Amino acid sequence: MEALGFIDTPGIAGTWTTTAVPPTTAVTRPTSQIAPAIDPFVDWQPTEVGSRLLRGRIRWGLASASLLMAAGLIGIGFWIYQRPAALASEALTKVQTSASALSPELVAAQELNNRLLDQGLMPNTVMAALLTLDSKARDLFTTSATLPSSEATFRTRAADSASGALDASRLLGTSYAYRAAVIPILAAPEFETDASLVALDDAARQFGEWQSKFDSVRSALPAGTLSPVTTELAIISGDLDSLQTRYLDAIRKGDRWGAITVGNELNHRLANAEGILYSGLSEVQAKVQSRIDKALSTIELLLG
């Protein structure tokens, strides 16, 4: 090593030695002995426990309260379940009561309708009867709205009966009022035709007063009621100035025949308008009778 230059300082070189290790003995682990499984129910025997429980201390007050509470909850649930049916039955009873009250009023309206052409019937009497009819019909209409959707058929019938009664009442009321207003102005005026018995200015004043009353009533008539009559009255009104001029000319000239001719022509026009009026009232009677008949038939279905 010195010759090769690995050791700077000469000395003794060490060497590796190996010491033999004695063989080790294998370690054996002790084996555990597992005991066989034991059935926990092998020695179980049934016993009677009923008598023991019955002899125990039971809180009967608490048990009774629980039972009462459970019964109450069941009763409330049943009441809630039955409530819609009860309300429907109650509403239907009210509807039938209202329908029964309306029926005689419809019969009374039928009598009024039969006397629509009778000038002797007082308008106040008619209006009082129709107000009662309106009240009963509106009551039925209101109660019909309380019926549930499950009673849709009865609700429709009740509403139809009330609507028919209200329509009949409206037609009768407006027709009676129209007739009461128009009849007086359709009466033939009595103008003097003898020039020796009336002054020209008095003749003009009398004709003018009648014309003013005629136009006042005609212009106040409701639109849509007996329109053919209103139209005819408007045509007559448009010819009154011409008729007045002819009448006054006849009086000024002492032409009695001419004055009579003007009066006859005016009377003929008014009589024609009266004929149109009664024809229109007859048509109203047919419409009212149809509505009354339908309402009465529907009420029979409600009460049946």
Side-chain angles (χ1 to χ4, degrees), residues 112-131 169-288:
L112 293 177
N113 188 47
N114 293 336
R115 301 183 62 185
L116 184 56
L117 305 181
D118 183 5
Q119 298 185 31
L121 191 60
M122 299 301 295
N124 292 338
T125 303
V126 175
M127 294 307 167
L130 293 181
L131 284 176
S169 177
R170 177 183 57 82
L171 285 172
L172 277 176
T174 54
S175 298
Y176 264 105
Y178 191 99
R179 190 205 70 180
V182 169
I183 287 295
I185 65 172
L186 295 180
E190 297 181 356
F191 298 137
E192 183 59 58
T193 58
D194 190 346
S196 63
L197 299 178
V198 62
L200 184 61
D201 56 347
D202 288 337
R205 178 181 55 80
Q206 292 173 7
F207 196 102
E209 288 177 353
W210 180 88
Q211 181 180 1
S212 177
K213 180 181 179 181
F214 180 91
D215 284 335
S216 177
V217 172
R218 180 193 60 80
S219 61
L221 294 174
T225 302
L226 297 168
S227 298
V229 182
T230 303
T231 301
E232 182 63 21
L233 295 178
I235 295 173
I236 293 174
S237 177
D239 294 338
L240 287 180
D241 288 340
S242 175
L243 291 171
Q244 182 185 36
T245 299
R246 290 167 53 195
Y247 169 70
L248 294 178
D249 286 344
I251 294 296
R252 183 172 56 251
K253 296 176 181 178
D255 182 5
R256 185 176 182 182
W257 178 249
I260 292 175
T261 301
V262 172
N264 289 339
E265 183 178 343
L266 179 57
N267 293 341
H268 175 74
R269 298 284 297 276
L270 294 175
N272 183 59
E274 186 176 19
I276 298 174
L277 170 64
Y278 281 100
S279 177
L281 291 176
S282 297
E283 294 178 1
V284 170
Q285 281 183 310
K287 293 179 181 178
V288 171

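If you're wondering where the values come from, they're calculated on a predicted model, not measured in any experiment. Atom set for the values below is all heavy atoms of this structure, side chains included, hydrogens, waters and symmetry mates excluded.
Side-chain contact check for Tyr176 versus Leu171: every heavy-atom pair is 4.5 Å or farther apart. Contact of the Arg269 side chain with the Ile235 side chain is registered, since non-hydrogen atoms from C-beta on lie closer than 4.5 Å. Annotation: side chain of Gln244 is not in contact with side chain of Leu240 (no heavy-atom distance under 4.5 Å). Side chains of Trp210 and Leu266 form a contact here, defined as non-hydrogen atoms less than 4.5 Å apart. Under the 4.5 Å side-chain criterion, counting only non-hydrogen atoms from C-beta, Leu172 is not in contact with Val126. Between Val262 and Phe191 there is no side-chain heavy-atom pair separated by less than 4.5 Å. Side-chain contact between Pro184 and Val217 is absent, with no heavy atoms from C-beta onward closer than 4.5 Å. The shortest distance between side-chain heavy atoms of Tyr178 and Leu221 falls below 4.5 Å.
Between the side chains of Tyr247 and Thr193, not a single donor N or O lies within less than 3.5 Å of an accepting N or O. Side-chain contact check for Asp241 and Gln211: at least one donor-acceptor pair (N or O, by modelled atom type) lies under 3.5 Å.
Summarising the geometry, atom OG1 belonging to Thr231 is positioned 8.5 Å from atom CD1 belonging to Ile276; distances are rounded to the nearest 0.5 Å. A distance of 10.0 Å separates CG of Leu186 from CD of Glu232, quoted to the nearest 0.5 Å. Here Ile251 contributes atom CD1 and Gln206 contributes atom CD; the two are 9.5 Å apart, rounded to the nearest 0.5 Å. We find the CG-OG1 distance between Leu226 and Thr174 to be 7.5 Å, quoted to the nearest 0.5 Å.
Between Arg218 and Asp215 there is a salt bridge, since at least one side-chain N of the basic residue sits less than 4.0 Å from a carboxylate O of the acidic one. With salt bridges taken as basic N to acidic carboxylate O contacts below 4.0 Å, none links Glu209 and Lys213.
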